[in-house]
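Because the structure is a prediction, the values reported are computed rather than measured.
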Amino acid sequence: MREMSIQELQEKMSSGLYSARTLTQMYLARIEALNRRGPAVNAVIELNPDALTIAEALDAERTATGPRGPLHGIPILLKDNIDTGDKMMTTAGSLALEGHMAAQDSFVAEKLRAAGAIILGKTNLSEWANFRSTRSSSGWSSRGGQTRNPYATDRNPCGSSSGSGVAAAANFCAVAIGTETDGSIVCPSTVNGIVGIKPTVGLVSRRGIIPIAHTQDTAGPMARTVADGATVLGALVGIDPTDPTTVASEGKYYHDYTQFLDKDGLKGARIGIARNFFGFHERVDAIMEECVAVLRRCGAVVIDPVEIKTAKLLRDPEWATLQYEFKADLNNYLAGVGPNVAVHSLADVIDFNNRHAAKVMPYFQQELHLMSQAKGSLDDEEYSRLTAEKLRLARTDGIDATLQEHRLDAIMAPTGSPAWVIDPIDGDRFLGASSGPAAVAGYPNITVPAGYVYGLPVGVSFFADAWQEPTLIRIAYAFEQATQVRKAPQFLKTADLTKI
């Protein structure tokens, strides 16, 4: 089942060569061999004890009435901030939430089960979705420890959906689900050599997901191919009255995004090259030049350069609003957890961390927790002013202005830098990234493998305005089919510096 697509897995189950049970067993065996043993990439934090039973029931259903759809019997891993109403915990990687068993499925888990997917387990993540410290090591959590990059296990997997990125890359599942506030799907996707789809905020309900910020949070698929990501995205969408943001998706979502997979999807597409995100690494720039050449060769109308002029102005209003929303949204989530859980507010989390500092904070602290706790309520004038400012900068004066000025279908930029060496003492070493404008605007962003730097994957991002997933899937798929650069990881101990 290694490197097999969802379609290939379905064909093998339809032919009788595989069953959902045997497929689940194969993934479980691979996790057993590589997750905590061997290269010990530490991507999976918990396995579903009922996975095989669920697989058997789905096999029986296939025999009796046929498959429900393309996800019937397909094993999927979820990030450990997504509620599942089963025997698994949901902890955001924090010991403060150890023992928290959600009373019911999140919207995401509910939709996946309805589609016939098997929730195989939970993946490790940067603790609290990387909203705890200003110098964290991505992929580290107090509950799960450090996740490692399968291309070079001394390298960082990025975050916060670290385990989901590694699990998909390492063939621990068919597809994984991550969440993003800013970069947390696309960054672990680029450094782990996979496709990441960060949807428009409101396309996928956030009910039952441990939050950072309601203006930017979303879940999305992390897969080895654009086709697999598109297949899963169609199962996740829909209006949810408990998440009012989804109301805006009425008439704008599709239950089948695979209809937009078009090998000729670049022909005539107007794509702007955002060179204000270039320049942080010369070898990444060289790969991006190759990407631009591919766009032209495939018939795209390339506008080079374009600039999102407000990109550098986003950080201050973004981070201030995230702190306001983290406090309010997390308090709301924690108020609903059971009495057996140690924390029921952000203040409780801060106190727990202080009382268990040796285990929870051995390498870095909780500066972002403290900064958030110091903020006022969402009724504060400052919060309203900064929210309006960040949306203006990211949307009206940012992505929207760039798209309109050049009549673009999408904007292209390097997703980020190659993976850096894991450093729990000093934290992450980000050289550059392009996730900010789309993340702050709440707009869709797709990253696709583009090349390698010393054997370490590098991705290219395509983003546009709200609800443009069909356009981006068409462009990303055509690019992927024209390049076919993804190579499965070899679990090297360190990067091969002789391999440019």
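Between Phe430 and Phe280, the distance from one ring center to the other does not fall under 6.0 angstrom. Between Phe131 and Trp319, the ring centre distance stays below 6.0 Å. Taking the six-membered ring for Trp and the full ring otherwise, Trp140 and Phe364 have centroids separated by under 6.0 Å.
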**Item:** Intermediate values then yes/no, side-chain hydrogen bond (donor to acceptor under 3.5 Å, both in side chains), Thr471 and Asp409
**Value:** CA-CA 7 Å; Thr471 297; Asp409 295 301; 5.7 Å; no
**Request:** Verify side chain to side chain contact (heavy atoms under 4.5 Å, CB included) between Val448 and Arg486, making sure each step is shown before the conclusion.
**Result:** CA-CA 9 Å; Val448 183; Arg486 174 177 156 76; over 6 Å; no
**CA sep, side-chain torsions, deciding dist, call: Asp217, Thr179, side chain to side chain contact (heavy atoms under 4.5 Å, CB included)** = CA-CA 7 Å; Asp217 288 352; Thr179 66; over 6 Å; no
**Message:** Go through it in stages, so that I can follow the logic: the residues are Asp329 and Ile212, the test is side chain to side chain contact (heavy atoms under 4.5 Å, CB included), and I'd like the CA-CA distance, side-chain angles, deciding distance and then a yes or no.
**Reply:** CA-CA 7 Å; Asp329 295 351; Ile212 290 180; over 6 Å; no
**Request:** Take Glu46 and Arg143 through the test salt bridge (charged side-chain N to carboxylate O under 4.0 Å, His left out) and record every step on the way to the result.
**Result:** CA-CA 11 Å; Glu46 186 172 3; Arg143 180 181 170 217; 2.9 Å; yes
**Verdict with supporting geometry, Asp304 and Arg275, salt bridge (charged side-chain N to carboxylate O under 4.0 Å, His left out)** = CA-CA 8 Å; Asp304 186 8; Arg275 288 191 177 269; 2.6 Å; yes
**Message:** Test side-chain hydrogen bond (donor to acceptor under 3.5 Å, both in side chains) on Gln146 and Ser137; report intermediate values, then the result.
**Reply:** CA-CA 8 Å; Gln146 179 68 56; Ser137 173; 3.0 Å; yes
**Request:** Give the C-alpha distance, both sets of side-chain angles, the deciding distance and a yes or no for side-chain hydrogen bond (donor to acceptor under 3.5 Å, both in side chains) between Ser161 and Lys79.
**Result:** CA-CA 7 Å; Ser161 305; Lys79 185 177 180 180; 3.0 Å; yes
**Request:** Walk me through it: do Ser138 and Asn130 pass the test side-chain hydrogen bond (donor to acceptor under 3.5 Å, both in side chains)?
**Result:** CA-CA 7 Å; Ser138 287; Asn130 224 2; 3.2 Å; yes
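The backbone N or O of Cys158 sits less than 3.5 Å from a side-chain atom of Ser162, completing a donor-acceptor pair. Looking only at distances, a side-chain donor or acceptor of Asp243 sits under 3.5 Å from a matching main-chain atom of Arg206. Under the 3.5 Å distance criterion, the side-chain polar atoms of Arg270 are matched with a main-chain donor or acceptor of His406. Judged by distance alone, the side chain of Asp285 and the main-chain N or O of Phe278 form no donor-acceptor pair under 3.5 Å. Side-chain atoms of Arg135 come within 3.5 Å of backbone N or O of Tyr363 as a donor-acceptor pair. Here the side chain of Thr415 pairs a donor or acceptor atom with the backbone of Gly459 at under 3.5 angstrom. No side-chain donor-acceptor contact under 3.5 Å links Thr190 to the backbone of Cys187. The closest donor-acceptor contact from the side chain of Glu127 to the backbone of Ser94 lies at 3.5 Å or more, if one exists at all. In this structure, Gln404 contributes its side chain and Ala401 its backbone to no donor-acceptor pair below 3.5 Å. Without hydrogens or angle criteria, Asp182 side chain to Val440 main chain gives no donor-acceptor distance under 3.5 Å.
The closest side-chain donor-acceptor pair between Asp496 and Tyr151, if any, does not fall under 3.5 angstrom. With hydrogens and angles left out, the side-chain atoms of Thr215 and Lys390 include a donor and acceptor closer than 3.5 Å. At a cut-off of 3.5 Å, with distance as the only test, a side-chain donor of Ser164 or Thr123 sits close to an acceptor on the other residue. No hydrogens or angles considered: nothing links the side chains of Ser205 and Lys111 as a donor-acceptor pair under 3.5 Å. In this model, a donor atom of one side chain and an acceptor atom of the other lie less than 3.5 Å apart for Gln7 and Glu11. No hydrogens or angles considered: nothing links the side chains of Gln365 and Ser133 as a donor-acceptor pair under 3.5 Å. With no hydrogens or angles considered, a side-chain donor-acceptor pair links Tyr454 and Arg283 at under 3.5 Å. Checking Glu180 against Thr218 by side-chain atom types alone, no donor-acceptor pair falls below 3.5 Å. Defined by atom type and a distance below 3.5 Å, a donor-acceptor pair is missing between the side-chain atoms of Asn42 and Arg148. With hydrogens and angles left out, the side-chain atoms of Asp397 and Thr310 include no donor and acceptor closer than 3.5 Å. Inspection of the Gln216 and Glu318 side chains reveals an N or O donor paired with an N or O acceptor under 3.5 Å.
Distance check, rounded to the nearest 0.5 Å: CG of Asn35 to CG of Leu47 gives 7.5 Å. Note that CE of Met222 is 4.5 Å distant from CD1 of Ile194, once rounded to the nearest 0.5 Å. From Asp465, atom CG reaches atom CG of Asp400 across 6.0 Å, with rounding to the nearest 0.5 Å. With values rounded to the nearest 0.5 angstrom, His72 atom NE2 is found 7.5 Å from Met13 atom CE. Distance check: Leu393 CG to Leu314 CG gives 5.5 Å after rounding to the nearest 0.5 Å. Of the inter-residue distances, the one linking Ile473 atom CD1 with Gln468 atom CD reads 11.0 Å to the nearest 0.5 angstrom.
A parallel orientation is assigned to the rings of Phe326 and His369, their planes being inclined by less than 30° (bins at 30° and 60°). Using the six-membered ring where Trp is involved, Tyr257 and Phe260 have ring planes that are tilted, between 30° and 60° apart.
Counting heavy atoms from C-beta outward, Arg2 and Met26 have side chains that stay 4.5 Å or more apart. Using a 4.5 Å heavy-atom cutoff, the side chains of Pro188 and Val166 are not in contact. Inter-residue side-chain proximity for Asn276 and Lys312 is flagged as unmet; no heavy-atom pair is nearer than 4.5 Å. Between Glu469 and Lys252, the closest side-chain pair of non-hydrogen atoms is not below 4.5 Å.
Atom CD of Glu289 has more than 12 heavy atoms from other residues, nucleotides or ligands within 6.0 Å. Surrounding CZ of Arg429 are at most 12 heavy atoms belonging to other residues, nucleotides or ligands under 6.0 Å away. Around the CD1 atom of Ile425, the shell of radius 6.0 Å holds no more than 12 heavy atoms that belong to other residues, nucleotides or ligands.
A salt bridge is defined here as a Lys NZ or Arg NE, NH1 or NH2 lying under 4.0 Å from an Asp or Glu carboxylate O, and Glu32 with Arg37 meets this definition.
Here the options are Ile185, Val195, Val186, the test is side chain to side chain contact (heavy atoms under 4.5 Å, CB included), and the partner is Thr447; only Val186 passes.
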